Amino acid sequence: MTDVGNGKADRDEPWGNTVLVEFEDGIAWVSMNRPDKRNAMSPAMNREMNEVLDTLELDDRCQVLVLTGSGESFSAGMDLKEYFRETEKKPRIATVRARRDAFAWQGTKLMNFVKPTIAMVNGWCFGGAFTPMACCDLAIAADEATFGVSEVNWGILPGGNVSKVLGQLMGRRAALYAIMTGIPFDGKKAAATGLVNESVPREQLRERTRELARVLLEKNPTILAQAKLAFRNVDEMSWDVALDYLSAKNEQAILIDPERGREQGLRQFLDDKSYRPGLKSMKRG
């Protein structure tokens, strides 16, 4: 069942202007919605997206979040006029707030979102758009999508944490090539360098994203959330500290899991003989 939750008349929901939300059987399709501007991220969009993420984290209609863009673009990055030039003419606090709103949803809130997140890159993904794309847990691109870190072409460095996320996902050589040349590349190249998990022809993109979201919907949500958090936190730990932390995190996950997934899995494997680890998900409930 699909529910297009983009109206404020029947619900007091924080979307419907620069962000659209569509619900479909546990999947929330969240679209940056400025197609005439290639979904460039304005201060208004950034504020709205913060409210949307806060709301969806507590909304049972959203079990997996898919971030994409309306029309033929994912996002062309920050809106140069509204985010930079216009805020520079206002009191300093306006610039501070604009940056805070942008960095909050594009980085911290997406990285810490409790539920699984997938970036569906349907078209242009330039500049600052790399940050929210990279901060989603998984990413799928259209083969025909166009990626670009073009800031060097007009005399500035990549904004925000773009350089950091490119280095983490693509590796040193590929990231420096993109940053230093400014040469665009397609979805296939993005997948080959590890920037996205995979790319598919544009006409297959939504269905493939839906398939991946359904795989995640089968999993225990508590364990997924704990696994995401544990993976992120061990990145800079030593081997021994990571081992101790992960052991404690696993025990915590078992303790707080309302579904008692570990007990179900052991029963289905050992007693019922209905579950084979590694081949499919155990039956929840």
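On a predicted model such as this, the values are computed, not experimentally measured, just so you know. Hydrogens, waters and symmetry mates are skipped; everything else that's a heavy atom, side chains included, is used. Numbers here simply count residues along the sequence, with the first being 1.
Under the 30°/60° scheme for interplanar angles, the aromatic rings of F147 and F130 are found to be tilted.
Contact between V200 and I140 at its shortest, heavy atoms only, is CG2-CG2, 4.5 Å. Of all the heavy atoms in P158 and V149, the pair that sits closest is CG-CG1, 3.8 Å. A pairwise comparison of heavy atoms in M45 and A40 identifies CE-O, 3.8 Å as the closest pair. Minimum interatomic distance between G26 and L217 (heavy atoms only, all atoms of both residues): O-CD2, 4.0 Å. Counting all heavy atoms, side chain and backbone alike, N39 lies closest to S70 at ND2-O, 2.9 Å. Summarising the geometry of A230 relative to L246, their closest heavy-atom pair is CB-CD2, 3.6 Å, with the distance given to 0.1 Å.
The cluster map of Ile, Leu, Val, Met, Phe, Trp and Tyr, joined by side-chain heavy atoms under 4.5 Å apart, puts V121 and L169 in the same cluster. With hydrophobic clusters built from ILVMFWY side chains whose heavy atoms lie under 4.5 angstrom apart, V114 does not share a cluster with L110. Under the 4.5 Å side-chain heavy-atom criterion for Ile, Leu, Val, Met, Phe, Trp and Tyr, L205 and I27 are members of the same hydrophobic cluster. In the hydrophobic clustering of this structure, F23 groups with V52; members are Ile, Leu, Val, Met, Phe, Trp, Tyr whose side-chain heavy atoms approach within less than 4.5 Å, directly or through other members. Hydrophobic clustering of Ile, Leu, Val, Met, Phe, Trp and Tyr side chains at less than 4.5 Å, counting indirect connections, keeps L166 apart from F126.
Within the model, atoms CD of Q252 and OG1 of T222 stand 10.5 Å from one another, a figure rounded to the nearest 0.5 Å. Here the SG atom belonging to C135 is positioned 9.5 Å from the CZ atom belonging to R232, to the nearest 0.5 angstrom. With rounding to the nearest 0.5 angstrom, the CE atom of M111 is 12.5 Å from the CH2 atom of W105. If you take CG on L56 and CD on Q63, they are separated by 11.0 Å, rounding to the nearest 0.5 Å. The CD atom of E259 lies 9.0 Å from the CD1 atom of I223; values are rounded to the nearest 0.5 Å. Summarising the geometry, atom CE belonging to M32 is positioned 5.0 Å from atom OG belonging to S75; distances are rounded to the nearest 0.5 Å.
The shortest side-chain heavy-atom distance between V30 and M49 falls under the 4.5 Å cut-off. Looking at S163 and I179, their side chains come closer than 4.5 Å, going by heavy atoms from C-beta outward. In this structure the side chain of E57 never reaches within 4.5 angstrom of the side chain of L53, judged on heavy atoms. Inter-residue side-chain proximity for M237 and D244 is flagged as unmet; no heavy-atom pair is nearer than 4.5 Å. Two residues are said to be in side-chain contact when any heavy atoms from C-beta on lie closer than 4.5 Å; T131 and F103 fail this criterion. Under the 4.5 Å side-chain criterion, counting only non-hydrogen atoms from C-beta, P132 is in contact with L67.
The closest donor-acceptor contact from the side chain of N50 to the backbone of D101 lies under 3.5 Å. Between the side chain of D143 and the backbone N or O of G187 there is no donor-acceptor pair closer than 3.5 Å. Judged by distance alone, with hydrogens and angles left aside, the side-chain atoms of D257 form no donor-acceptor pair with the main-chain N or O of A253 at under 3.5 Å. Within the 3.5 Å criterion, the main-chain N or O of S42 finds a donor-acceptor partner in the side chain of N46. A donor-acceptor distance shorter than 3.5 angstrom exists from the side chain of K115 to the backbone of C62, with no hydrogens or angles considered.
For R61 and D59, the salt-bridge test passes: some basic side-chain N is under 4.0 Å from an acidic carboxylate O. The pair D79-K37 fails the salt-bridge criterion, with no side-chain N (NZ, NE, NH1 or NH2) lying under 4.0 Å from an Asp/Glu carboxylate O. For the pair E51 and K109, the salt-bridge criterion is not met [side-chain N within less than 4.0 Å of a carboxylate O]. R38 and E72 are not joined by a salt bridge, as no carboxylate oxygen comes within less than 4.0 angstrom of a charged side-chain nitrogen. Contact check on E211 versus R208 returns a salt bridge, with a Lys/Arg side-chain nitrogen under 4.0 Å from an Asp/Glu carboxylate oxygen.
In this structure, a donor-acceptor pair under 3.5 Å is present between the side chains of N122 and T68. A donor atom on one side chain and an acceptor atom on the other are not found under 3.5 Å apart for N33 and N17.
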Side chain to side chain contact (heavy atoms under 4.5 Å, CB included) evaluation trace for V19 with S31: CA-CA 6 Å; V19 180; S31 298; over 6 Å; no
Q106/M41 under side chain to side chain contact (heavy atoms under 4.5 Å, CB included): CA gap, chis, key distance, verdict: CA-CA 10 Å; Q106 295 171 23; M41 297 177 287; 3.5 Å; yes
Derivation of the side chain to side chain contact (heavy atoms under 4.5 Å, CB included) call for Y177 and R173: CA-CA 6 Å; Y177 185 89; R173 293 292 189 196; over 6 Å; no
Working for salt bridge (charged side-chain N to carboxylate O under 4.0 Å, His left out), residues R34 and E48: CA-CA 13 Å; R34 301 182 73 212; E48 190 170 350; over 6 Å; no
Side chain to side chain donor-acceptor pair (under 3.5 Å) evaluation trace for D137 with T117: CA-CA 5 Å; D137 302 322; T117 57; 3.2 Å; yes
L212 and E207: CA distance, side-chain angles, deciding distance, side chain to side chain contact (heavy atoms under 4.5 Å, CB included) verdict: CA-CA 9 Å; L212 179 58; E207 181 55 35; over 6 Å; no
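Other residues, nucleotides and ligands place more than 12 heavy atoms under 6.0 Å from the OH atom of Y245. With a 6.0 Å radius and a threshold of 12 heavy atoms from other residues, nucleotides or ligands, I156 has its CD1 atom above the threshold. Other residues, nucleotides and ligands contribute over 12 non-hydrogen atoms within 6.0 Å of the CD atom of E203. Applying the 6.0 Å contact sphere to NZ of K228 captures more than 12 heavy atoms from other residues, nucleotides or ligands.
Just one of T209, I118, V64 meets the side-chain contact (heavy atoms from CB on, under 4.5 Å) condition when paired with W29; it is T209.
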